Amino acid sequence: MPPTLSPAVDAAVLADRRDRFLHQLGGAAAVIPAAPLVTHHADVEHAFRQNSDFWYLTGFDEPGAVALFLPHRPETRFVLFVQPRDPEAEVWNGFRWGCEGAVERFGACVAHPLAELAERLPGYLEGAEGIAFRIGRHPEVEPLVLRAWARQLDRAPRSGHAALGLVAPCPILHRLRLCKTPEELERMREAGRISAEAHELARQVARPGLSERQVQAVIEQHFLEQGARGPAYGSIVAGGDNACILHYTANDALLRDGDLLLIDAGCSLADYYNGDITRTFPVNGRFSSEQRALYELVLAAQEAAVAAVCPDATAEQVHDTAVRVLVEGLLELGLLRGSVEEVIEQRAFRHLYMHRTGHWLGLDVHDVGAYRLGEHPVALQPGMVLTVEPGLYVSDRLPVPEGQPEIEERWKGIGIRIEDDVAVTDHGHENLTAAALKAPAALER
Ligand code: GLY
Ligand code: MN
Ligand code: MN
């Protein structure tokens, strides 16, 4: 293998994850496929992006692979099916580890060519009490799993056993992924560092007349220069009213004197850990009085919500904290009418703040893990990482809820969001993206 930026997750870290997963599977066998290559257009493919579940357990970064976890067969508890070495194919698409590499480098007990999956899968699943497989996501592998199970059921009267059910691996695996280990937190600090630096660079270059895309280029250049794979999601570089479109990624307008610029961008590291930061600042270096009033309000809501992140709090409480500060401020500014309780109860703020305040963050930007278990919101625990990202979006796209005031023109076209990545610690939280400045004085020049 030539020297490469490509990641090698520590073998002991991977083995420990697999042990914990195998232990929690009980007697069920898990089938976890890798991601396929995805067509961009014609016969051109997108850059490969591994399935995060598969990556978390294997550190193997190739398409066309399937991992089996077999607690009922301790000698072959971790089996990989992979694309075998093939000089012809590797001339076109690059190096493959093949079966030997899967064993020697990635710790598989045994590895086979992917083409043998259909033939070998029934044997490996024989004797498992259940089959853990995510239905509906893997159209190539799903029929093989169902066929193997059906065959077990057909034979059960004579063989004396068959898996009792098909179960979802997600509750086990995603509970593991939700709580980050110290090694993972270190990687998320790195994603936060690079992402925050990119935001600082973007603010330094932004000026009236530049295009949103030129600012995007500065951000993404920094990601690549720092060894990241690139953006973790489509970077949002939204001047003025474009910031009121939550998933704006066209980035094709010119920045205008007097507008704010909202940038929501974060990098994805070589080992897929992600940053997710939003900052909003005046293009010309000076807030107007309306912009400053709303900016200070979003900042107050964001800081209060970040402060609410601690063990045993919930993501719902973090959201509620932000909403309350926003509503109180909007009432004071005359953008809402009524009592705080009434407005919150009726969600009469939803034309100005229409999204939740955050999400789990990790190998996926909108990371896995439950927010609720039945009736109960999940309690925050040390190691969990979530974004805290309240905003205000003043436009006339959404109707003003009944009983609320019409919006004066002077407020329209102001879209603001402030987003940090926050890890829960033993006694509170750590802001992984604090290096991206957000105090109004730091944004003016
Ligand atoms: N950039 C995606 C998000 O903030 O959720
Ligand atoms: Mn974001
Ligand atoms: Mn986010």
Side-chain angles (χ1 to χ4, degrees), residues 49 52 177-178 180 187-189 191-203 212-213 215-216 218-220 222-223 228-239 242-251 260-269 272-281 295 298-299 301-303 305-306 308-309 315-316 318-319 321-323 326 353-371 380 384-393 415-424 429-438:
R49 202 317 181 167
S52 299
R177 281 179 54 194
L178 180 55
K180 278 70 182 171
R187 300 304 292 150
M188 296 197 66
R189 281 186 198 101
R193 174 187 71 77
I194 296 170
S195 304
E197 285 170 359
H199 277 263
E200 290 294 300
L201 290 170
R203 196 177 68 252
E212 294 166 338
R213 197 160 291 161
V215 178
Q216 176 185 358
V218 170
I219 292 169
E220 295 183 7
H222 188 68
F223 293 166
R229 283 176 192 254
Y233 50 89
S235 303
I236 297 171
V237 183
N242 291 336
C244 298
I245 300 166
L246 299 177
H247 292 165
Y248 176 82
T249 49
N251 301 351
L260 294 179
L261 176 59
L262 181 154
I263 301 176
D264 183 345
C267 70
S268 187
L269 297 184
Y272 293 113
Y273 288 97
N274 296 302
D276 182 6
I277 302 180
T278 309
R279 290 292 183 264
T280 311
F281 58 89
Y295 186 86
V298 175
L299 184 59
Q302 203 255 0
E303 289 180 336
V306 170
V309 175
E316 204 147 297
V318 174
H319 174 68
T321 302
V323 165
L326 289 175
Y353 182 43
M354 60 297 284
H355 60 77
R356 300 289 295 181
T357 300
H359 50 82
W360 307 131
L361 181 71
L363 288 174
D364 292 342
V365 175
H366 292 176
D367 206 25
V368 294
Y371 294 89
L380 298 180
M384 292 181 177
V385 179
L386 68 164
T387 67
V388 180
E389 49 178 310
L392 286 172
Y393 311 91
I416 298 166
R417 178 165 63 257
I418 304 173
E419 173 176 29
D420 280 307
D421 305 341
V422 182
V424 184
H429 61 266
E430 175 186 349
N431 186 340
L432 306 178
T433 51
L437 301 181
K438 59 186 177 185

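Below, all heavy atoms of this structure are taken into account, side chains as well, without hydrogens, waters or symmetry copies. Small disclaimer: the values here were computed from a predicted structure and weren't measured. When a ligand or atom number is given, it counts from 1 through the structure's own listing order.
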Do N274 and Y233 have side-chain N/O donor and acceptor atoms under 3.5 Å apart? no
Proximal atoms of ligand 1 relative to E419 (non-hydrogen, under 4.0 Å): 4 (O)
Of the backbone atoms (N, CA, C, O) and the side-chain heavy atoms from C-beta on, which set of D276 has a member under 4.0 Å from an atom of ligand 1: side chain, backbone, both, or neither? side chain
Carboxylate-amine/guanidinium contact D421 R189, below 4.0 Å: no
Which atoms of ligand 1 have any heavy atom of H366 under 4.0 Å away? 2 (C), 3 (C), 5 (O)
Are a donor atom and an acceptor atom from the side chains of D364 and S52 found within less than 3.5 Å of each other? yes
Give me the ring orientation class for Y353 and Y393: parallel if the planes are under 30° apart, tilted from 30 to 60°, perpendicular past 60°. parallel
Has E389 got an N, O or S atom lying less than 2.8 Å from the Mn ion (ligand 2)? no
Just give me the atom name: the N, O or S atom of H359 closest to the Mn ion (ligand 3). NE2
Side chains of N431 and T433: donor-acceptor distance under 3.5 Å anywhere? yes
Hey, what's the angle at the Mn ion (ligand 2) spanning OD1 (D276) and OE1 (E419), nearest 10 degrees? 90°
